[in-house]
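Single-structure report; data block below.
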Amino acid sequence: MTGLLGPAEIRELAARLGVAPTKKLGQNFVHDPNTVRRIVTAAGLTPDDVALEVGPGLGSLTLGLLPIAGHVHAVEIDPVLAGALPETAARYVSADADRLTVHRADALRVAAAELADPPPTALVANLPYNVAVPVVLHLLAVLPTLRHGLVMVQKEVADRLVAGPGSKVYGIPSVKLAWYAQARGAGRVPPNVFWPVPNVDSGLVAFTCHEPPRSDVPRERVFAVVDAAFAQRRKTLRAALAGWAGSADRAAAALTAAGVDPGARGESLTVEQFAAIAASAPAGTPTAK
């Protein structure tokens, strides 16, 4: 894997474009080629994969993906960075540059139709810290062709995404990601591989997509139960789901019908149990937005 950007190339490219990383867009650019190699290797891409990268920035990871994947969709919200990425690819990995499609778009609003040629099979990205979880969940919701992925996020967020029932950090992100995929931690990334240097470690999260736990209940209804359960996570589910169900008694009835102890707390439930509660929901219960 050659043609990668080091610290000198990153600074030169940023200066030429007049780019300064901004906290608003959560921009921290990777300038360590070995970290890029590590991410691409851990992603397990094959030439049959169509990679989706969110927030490519100056192109560090993009240049690592292009020689491996069959095609790369890069979604970048910054117009200057989006405009410069094809030229960077042509300069550093000219033989593979025609595999790149750049989308000047907000990843939180991008739709499947915009990424249909060819449809992505793998999400591989250094995600902006401030929108990492919403981006992952949105893309999994709108892109049914995704089969697997590897994302780099803030270490604390990585721990939450891969947590299981009973963990202190198990919560809404953990359950919602489990609806779509099986996730695991894939390692820690130190701050000094980024420019600017963040004040936290990053973590790699690998996931493999699977069918939803149940096909007879809409995702939105399940997620409404999850949101309600963790909004008051110290309360028993009977109390925490009272507003969702219409009363504590109605919540208890739904929980009992689902085979869940009304005295349990959300942090002890699997995604399958949340789905069972949603399937037993009283008429008129809300769905997640």
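Basis for what follows: all heavy atoms, side chains included, without hydrogens, waters or symmetry-related copies.
L237 is listed as a side-chain neighbour of L269, based on a closest heavy-atom distance under 4.5 Å. With a 4.5 Å cut-off on side-chain heavy atoms, L115 and T145 do not count as touching. Between L5 and F29 the shortest side-chain heavy-atom distance does not fall below 4.5 Å. With a 4.5 Å cut-off on side-chain heavy atoms, V75 and E114 do not count as touching. The side-chain heavy atoms of H103 and V110, taken from C-beta on, include no pair separated by under 4.5 Å. At a threshold of 4.5 Å between non-hydrogen side-chain atoms, the residues N28 and P196 count as touching. Under the 4.5 Å side-chain criterion, counting only non-hydrogen atoms from C-beta, L61 is not in contact with V30. In this structure, E76 and L85 have side chains that are not in contact, with every pair of non-hydrogen atoms separated by 4.5 Å or more.
Residues L150 and A42 approach most closely at CD2-CB, 3.9 Å, considering heavy atoms. Nearest heavy-atom pair, F230 versus G266, reported as atom, atom and distance to 0.1 Å: CZ-O, 3.4 Å. Smallest separation of non-hydrogen atoms from T236 and P262: CB-O, 3.6 Å. Considering every non-hydrogen atom in both E53 and L65, the closest pair reads OE1-CD1, 4.0 Å. Residues A279 and R214 share a closest heavy-atom pair of CB-NH2, 3.6 Å.
Note that CG of L127 is 9.0 Å distant from CE of M152, once rounded to the nearest 0.5 Å. With values rounded to the nearest 0.5 angstrom, D32 atom CG is found 7.5 Å from N192 atom CG. Here the CG atom belonging to L255 is positioned 12.5 Å from the CZ atom belonging to R250, to the nearest 0.5 angstrom. Annotation: the span from L204 atom CG to R184 atom CZ amounts to 9.5 Å, rounded to 0.5 Å. One finds the CG atom of L52 at 10.5 Å from the NE2 atom of H71 (value rounded to the nearest 0.5 Å). Here Y92 contributes atom OH and L63 contributes atom CG; the two are 8.0 Å apart, rounded to the nearest 0.5 Å.
With a 6.0 Å radius and a threshold of 12 heavy atoms from other residues, nucleotides or ligands, Q182 has its CD atom at or below the threshold. Few gaps surround CZ on R233; more than 12 heavy atoms of other groups in view lie less than 6.0 Å from it.
Side chains of S268 and Y170: a donor-acceptor N/O pair is absent below 3.5 angstrom, by distance only.
Under the 30°/60° scheme for interplanar angles, the aromatic rings of Y180 and F223 are found to stand perpendicular.
Neither V169 nor L137 shares a network with the other; the hydrophobic side chains, linked directly or stepwise wherever heavy atoms of I, L, V, M, F, W or Y lie under 4.5 Å apart, form separate groups for each. Under a hydrophobic clustering in which Ile, Leu, Val, Met, Phe, Trp and Tyr are joined whenever their side-chain heavy atoms come within less than 4.5 Å, directly or via other members, V72 and V50 fall into different clusters.
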Any chance you could lay out the side-chain contact (heavy atoms from CB on, under 4.5 Å) test for R160 and V133, step after step, and finish with the verdict?
CA-CA 10 Å; R160 291 176 181 170; V133 172; over 6 Å; no
Could you walk me through whether L161 and F207 pass side-chain contact (heavy atoms from CB on, under 4.5 Å), step by step?
CA-CA 10 Å; L161 286 171; F207 63 85; over 6 Å; no
Decide side-chain contact (heavy atoms from CB on, under 4.5 Å) for D49 and R147; before the verdict, give the C-alpha distance in whole Å, the side-chain angles of both, and the deciding distance to 0.1 Å.
CA-CA 9 Å; D49 273 309; R147 298 196 301 258; 3.3 Å; yes
Where do V193 and N34 land on the side-chain contact (heavy atoms from CB on, under 4.5 Å) test, with the steps shown first?
CA-CA 9 Å; V193 304; N34 285 331; over 6 Å; no
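Ionic pairing of E87 and R16 is present here: one or more N-O contacts between side-chain nitrogen and carboxylate oxygen are shorter than 4.0 angstrom. Comment: D249 engages R238 in a salt bridge, judged by a side-chain N to carboxylate O separation of less than 4.0 angstrom. Salt bridge absent: K168 and D159 never bring a charged side-chain N and a carboxylate O closer than 4.0 Å.
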